[in-house]
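What follows is a short report on a single structure.
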Amino acid sequence: MSTIASRAQVRRRIRAVGLWLTTFLLMIIICLPGLWVVLSAFRPNREILAKPPIWVPEQLTLNNFGKIFGFGAEQVGIPVLAYFTNSMIIAMTSTVIALIIGVGGGYAFARFRFRFKNGLFLGLMLFRAVPGIALSLPIFILWSRLGLIDAQLGLIIVYVSLNVPFTIWLIDGFFRQIPISLSEAAQVDGCTRWQAFWRIEFPLARSGIAAAGVFAFLTSWNEYALASQLTRTTDSKTLPVGLMDFTAQFTIDWAGMSAMAVIIIVPALILTFLVQKHLISGLTFGGVKG
Amino acid sequence: MIRILRTKRQALTPFLLLTPALLTMLFVVAVPLIFSFYTSMTGYRLTRPETIENFVWFRNYLRLFENSDFWAAFLRTIIFLAIALNVEFLLGLGIALLINKITWGQRTLRTIMMFPMMFSPILVGFQFKFIFNDNIGILNNALQSLGLSTQAIPWLVDANLAMFSIIFAEVWMSTSVFAILLLAGLFAMPRDPIEAARVDGCNSWQVFRHITLPFLMPFAFIAMTIRSLDVARAYDIVAVMTGGGPAGRTELLWTLIARVGYDNARMGQANAMAYVSTILSIAFTYYFYTKLVAARRYMGGAQ
Amino acid sequence: MASIKLNKVVKAYGKVKVVHGIDLDIGHNEFVVLVGPSGCGKSTTLRMIAGLEDISGGEVLIGDRIVNDLPPRKRNISMVFQNYALYPHMSVGDNLGFGLKIAGQSPKVIAERVDEAAGMLGLSELLDRTPAELSGGQRQRVAMGRAIVRHPDAFLFDEPLSNLDAKLRGQMRAEIKKLHQTVRTTIVYVTHDQIEAMTLADRIVVMRDGHIEQVGTPMQVFNHPVNTFVASFIGSPPMNQLPGRIEGANVVLADDSRVPVPPRLMDRVSEGQAVILGIRPDDISPLGHGLGMPEDAEQVATLELRVDLAEPLGMESLIYTSIAGQEVQAKLYGPRIVQPGEVLTFQVALARAHLFDAASSRALEVA
């Protein structure tokens with residue numbers, strides 16, 4: 001009797017350990033590349049390029065960061081601050097505009113029945129499906145005519161259209177999570193439909209809208225294909241373009257490049273952490289229930 | 001009379017709300033697409049702007065079909081996507097099932113799992129360019145110092161290894177999308193059908209195949225739809241990791257477009273290629289979206 | 001405190017009509033219950049009164065105003081929703097005062113009215129809580145409080161008790177009745193539960209498939225149903241309905257057994273007419289165990305029946321038996337335990353039995 005019980009227990013133990021081991025391995029594979037880059041950002045090139053590899057850092061330094069921002073002994077002359085500012089301005093502006101457009105559109109899909117509804121939704125999605133590089137060709141030509149090359153505004157406009165479909169999809173999902181009886185109760189209580197939206201539905205969807213905003217921000221922050229073609233100088237070049245330039249220009253300054261990579265990734269990680277659960281609920285609720 | 005006006009106004013509201021979105025997409029995507037199509041039917045070269053008037057009908061497209069570089073890139077892209085997406089789906093499913101089983105620290109695991117998704121593709125490309133570098137990349141360093149290999153493995157140079165490397169990078173970046181959505185599906189799944197199946201005598205595999213998997217399909221299709229929207233982000237990865245090389249060994253459709261259009265300035269030709277890739281993406285997205293809608297309907301009944 | 005009138009009100013979705021031109025007069029302070037099975041149009045009708053659904057045809061009047069084109073906020077009505085629809089991001093106090101705030105009332109008036117309503121419903125201690133922190137019954141009361149606070153012309157209730165468990169439902173029913181007595185306002189109440197209808201209503205409106213089947217006081221609808229649908233919908237357990245044929249002074253049932261025609265209906269029947277005999281379980285009982293059986297022998301029919309099943313309910317039992325091959329439920333009053341298989345003499349109170357024309361389903365009592 002006791003042997004059977006303990007055999008099952010042992011099996012369960014082994015399974016649990018196996019589960020943990022696999023998960024651990026998995027997390028390592030996920031985190032390691034990123035961690036290696038982050039680590040390299042704080043080490044001098046000498047260490048990174050050493051053979052055999054120096055696993056445990058002997059010397060940690062902030063030199064690389066100083067370097068790329070233009071301080072310190074070894075100035076590199078890549079205007080990372082300019083790239084950072086451009087990325088920030090472009091991403092924030094396009095996000096805010098995309099959200100405003102998206103809230104209206106998302107609400108329309110969530111609350112109304114109208115002709116062509118499904119077709120319109122599909123249309124929005126399909127527009128989004130156009131590959132960035134494919135879209136960059138005609139936009140490059142058109143934007144040249146319009147004087148929008150190498151202008152923050154040029155990228156902002158493009159990024160708004162890049163973000164609108166997905167923002168609408170997410171916000172549609174978030175509004176659907178709010179029972180329509182709340183809006184009806186507000187209308188019976190004396191609100192116009194607009195007042196009911198502002199006082200009841202919008203506040204309740206706020207966190208979801210913020211999540212959609214973060215997603216849009218990240219899309220703009222991380223975009224490369226269009227940015228690479230529509231920008232020329234530090235007037236408008238964004239961080240991803242900067243990193244690519246860096247790798248082309250300073251092919252062996254891995255430490256410096258890693259530092260730049262860290263600057264790109266940190267805001268993204270922070271924002272992701274803040275909104276993870278909202279994103280999933282917005283995607284799936286709208287996605288599965290229709 | 002008032003009633004008619006009021007109903008008319010009410011009926012217009014959704015359209016009014018959607019107007020900004022529609023206008024944006026129209027001007028920033030639709031118009032350029034039309035222009036792109038027009039350009040693809042000209043012999044436009046950036047270096048000689050007047051050539052945009054040079055209308056050649058479908059010559060660019062015909063040339064494409066005769067062009068072996070194009071077909072090679074096309075094929076490579078298809079293989080790339082086929083492998084990457086399937087691997088992402090299977091891995092994502094495995095990860096989701098794994099995390100579902102773990103109770104302690106699940107939230108942290110889920111958060112960690114989301115990280116790769118938030119990296120800029122440029123970053124992912126850079127990261128793996130660093131790691132796969134045959135001289136100073138830690139992969140080769142590790143392999144050599146562990147004694148598993150004696151020479152530098154040309155991860156980014158050899159044709160097959162390079163394809164492997166870019167696929168690895170792409171899978172690393174996008175598996176999370178599947179994992180997260182499938183995990184959400186697993187969370188949302190009602191326990192009763194599973195328990196009923198167990199009582200009815202099904203083993204774990206049968207429960208998975210007949211109960212769990214069908215329930216997860218809508219979530220899988222959401223993930224596929226989302227992926228197909230962003231499938232061209234692989235361009236960023238390849239551009240930074242290998243630039244489509246060396247010697248075109250990792251040339252995908254998108255890097256070819258960039259090369260022909262911007263490096264060689266042959267805009268007409270590039271637009272034709274771009275159109276092919278656009279149609280591919282749209283067809284992909286449309287396909288999965290319709291599957292999603294069908295699966296929704298199916299699951300809606302079950303729910 | 002206004003009356004509500006519905007004139008040939010129609011609701012259609014495209015070509016499909018769900019409410020077919022109903023007429024209804026609801027008086028000042030009257031408590032009217034719309035009752036019927038799912039899909040009968042009762043909620044749709046209520047929502048048309050509220051202004052949450054467009055009116056496809058006919059007119060709705062609140063007081064003397066035609067309100068067809070008025071949005072909900074201009075109709076001066078309040079509504080209690082099935083899922084309460086409390087504003088989750090506001091405290092109970094803010095929930096109660098929301099309507100007044102929108103109307104621009106001074107904070108002093110708002111505080112007064114909120115306190116008044118809270119006191120009436122026992123919510124005074126809960127004003128600072130959020131809806132998430134409340135129990136089902138408490139949420140229900142907040143929903144009612146929100147309705148009271150605005151002193152509307154009418155209260156509309158849309159199946160407010162459906163989400164509560166049976167015990168709570170009983171309590172809340174009493175509270176709603178008390179509310180009506182305190183706050184003397186017209187109430188239109190929708191439910192699918194005929195017990196709620198019977199206990200709460202001044203008048204009941206029985207609906208089916210978008211039509212009004214009968215309007216009357218609970219007793220009228222219970223004692224004088226106009227057709228077989230109302231007869232089987234109102235009253236629990238439902239009325240037994242036996243098909244038969246008129247022959248002379250008797251109703252001949254499917255197995256040729258005979259039941260006398262209820263004396264009061266003798267001049268309403270015609271020879272050979274196909275009819276349905278309706279007997280409520282309360283009106284058919286074993287000899288000596290009935291309630292209120294008529295003394296007059298002419299008003300009572302006697303049948304020998306075999307007991308199939310007995311469900312003891314305490315001081316009464318529900319007896320399942322069969323007449324002419326059809327299952328019939330009967331009531332036994334008293335503590336006697338009956339076994340399946342026993343054959344007993346049953347008495348039928350003909351004075352309270354009903355006859356319906358089989359073809360039209362209409363009661364013979366009605367013209």
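Proteins come first, then strands; the chains are lettered A, B, ... in the order of their sequence lines, and each starts at number 1.
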TODO: Taking ring-ring contact (aromatic ring centres under 6.0 Å, His included) as the test, write out the residues that go with C:H180, two or more places apart.
DONE: C:F31

Open item on the list: What I'd like to find out is whether the side chain of C:F81 reaches to under 4.5 Å of the side chain of A:P179, using heavy atoms alone.
Closed with: no

Open item on the list: Around atom CG of C:D165, are there more than 12 heavy atoms from other residues, nucleotides or ligands closer than 6.0 Å?
Closed with: yes

- [ ] Would you name the heavy atoms of C:I102 and A:G190 that are closest together and state the gap between them?
- [x] CG2-O, 3.3 Å

Open item on the list: Using heavy-atom distances under 4.5 Å, tell me whether A:L182 contacts chain C through its side chain, its backbone, both, or neither.
Closed with: both

What are the sub-3.5 Å donor-acceptor pairs between chain C and chain A, distances to 0.1 Å?
| from | atom 1 | to | atom 2 | distance (Å) |
| --- | --- | --- | --- | --- |
| C:R47 | NH1 | A:E184 | OE1 | 3.0 |
| C:R47 | NH1 | A:E184 | OE2 | 3.3 |
| C:R47 | NH2 | A:E184 | OE2 | 2.6 |
| C:R73 | N | A:Q187 | O | 3.4 |
| C:N83 | OD1 | A:S181 | OG | 3.2 |
| C:N83 | ND2 | A:S181 | OG | 3.3 |
| C:Y87 | OH | A:A185 | O | 3.4 |
| C:Y87 | OH | A:A186 | N | 3.2 |
| C:Y87 | OH | A:D189 | OD2 | 2.9 |
| C:H89 | NE2 | A:R199 | O | 3.0 |
| C:R150 | NH1 | A:V188 | O | 3.2 |
| C:R150 | NH2 | A:V188 | O | 3.2 |

TODO: Mind ranking A:A185, A:A186, A:P203 by heavy-atom pairs under 4.5 Å with chain C and telling me who comes out on top?
DONE: A:A185

Open item on the list: I'd like to verify something: which residue of C:G99, C:A103, C:A147, C:A143 has the highest number of heavy-atom pairs under 4.5 Å with chain A?
Closed with: C:G99

TODO: Select one option (side chain, backbone, both, neither) describing which atoms of C:L156 are under 4.5 Å from chain A's heavy atoms.
DONE: neither

